[in-house]
Peer 1: 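The structure's right below; bear with me while I get my questions together.
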Amino acid sequence: MMLDSKSYRKEFEYSSLEKVLQERDRIIKFMKDFENHDLPEKYYERDPSPETVYLLNIDYLKELCDLIKIKMQKRDDPKPKLAPFLAIEQVLSKLDDEKQKHFLEDLKIKDEKLYYEYMEWKTDENSTDEESI
């Protein structure tokens, strides 16, 4: 089953830049193989067809490129200051789960860069905590 492009993007929002680049390269390879008629026969026996996968990959590639742009800008930015993240944590700690979800959705709409930085910081913070256990 193929995902719509927005759902596909969500699969990679919190992935590292390296993983997003690998996925981009995988898609480009498939597309080149399809264009050059170099796909193995087994691909033509599948559902969805290679043509459908190719067309969806165009949308997927756009989503990946958007993520790469965000992640590359973040990589080039100096280390973010913790104050905004701690302020977000303080607000979230006062909200129930449903209100936290709405708060984060609003943050994503109003300040996408801050949202992604916060989510990556939160992911890194959790993985560091888990590694130390």
Peer 1: Not counting sequence neighbours, which residues clear side-chain contact (heavy atoms from CB on, under 4.5 Å) with Glu105? List them please.
Peer 2: Lys101, His102
Peer 1: So, Lys29 and Asp25, do they make that salt bridge, N to O below 4.0 Å?
Peer 2: no
Peer 1: If you define the side chain from C-beta out and look only at heavy atoms, does anything of Phe85 sit under 4.5 Å from Lys122?
Peer 2: no
Peer 1: Is the CD atom of Glu51 crowded by more than 12 outside heavy atoms at less than 6.0 Å?
Peer 2: yes
Peer 1: Who pairs with Tyr14 by side-chain hydrogen bond (donor to acceptor under 3.5 Å, both in side chains), at least two apart in sequence or on another chain?
Peer 2: Tyr115
Peer 1: Do Asp111 side-chain atoms and Leu107 backbone N/O form a donor-acceptor pair below 3.5 Å?
Peer 2: no
Peer 1: I'd like to check Tyr44 versus Ser49 (side-chain heavy atoms, cut-off strictly below 4.5 Å). Are they in contact?
Peer 2: no
Peer 1: If hydrophobic clusters are built from ILVMFWY residues whose side chains come within less than 4.5 Å, do Leu67 and Ile109 share one?
Peer 2: no
Peer 1: Quick one, Arg9 and Asp66 - any side-chain contact, counting heavy atoms below 4.5 Å?
Peer 2: yes
Peer 1: Leu56 and Leu3: which non-hydrogen atoms are nearest, and at how many Å?
Peer 2: CD2-O, 4.2 Å
Peer 1: Could you work out, with salt bridge (Lys or Arg N to Asp or Glu O under 4.0 Å) as the rule, every residue matching Lys108, not counting sequence neighbours?
Peer 2: Glu13
Peer 1: Which heavy atom in Lys71 sits nearest to a heavy atom in Ser15, and how many Å separate them?
Peer 2: NZ-O, 2.6 Å
Peer 1: Taking the inter-plane angle between the rings of Tyr8 and Phe12 on a 0 to 90° scale, is it parallel (under 30°), tilted (30 to 60°) or perpendicular (over 60°)?
Peer 2: tilted
Peer 1: Do Phe30 and Leu39 have side chains that approach each other closer than 4.5 Å (heavy atoms only, starting at C-beta)?
Peer 2: yes
Peer 1: For a side-chain hydrogen bond (donor to acceptor under 3.5 Å, both in side chains) check, start with the C-alpha distance between Glu23 and Tyr60, then their side-chain angles and the critical distance, and finish with the verdict.
Peer 2: CA-CA 10 Å; Glu23 180 66 5; Tyr60 290 175; over 6 Å; no
Peer 1: Report yes or no: does Asp4 contribute a side-chain atom to a donor-acceptor pair with the main-chain N or O of Lys6 at less than 3.5 Å?
Peer 2: yes
Peer 1: Could you check whether any side-chain heavy atom of Leu92 comes within less than 4.5 Å of a side-chain heavy atom of Leu104, counting everything from C-beta outward?
Peer 2: yes
Peer 1: Is any side-chain heavy atom of Trp121 closer than 4.5 Å to one of Leu86?
Peer 2: yes
Peer 1: Of the non-hydrogen atoms in Leu95 and Gln100, which two are nearest, and what is the gap between them?
Peer 2: O-NE2, 3.1 Å
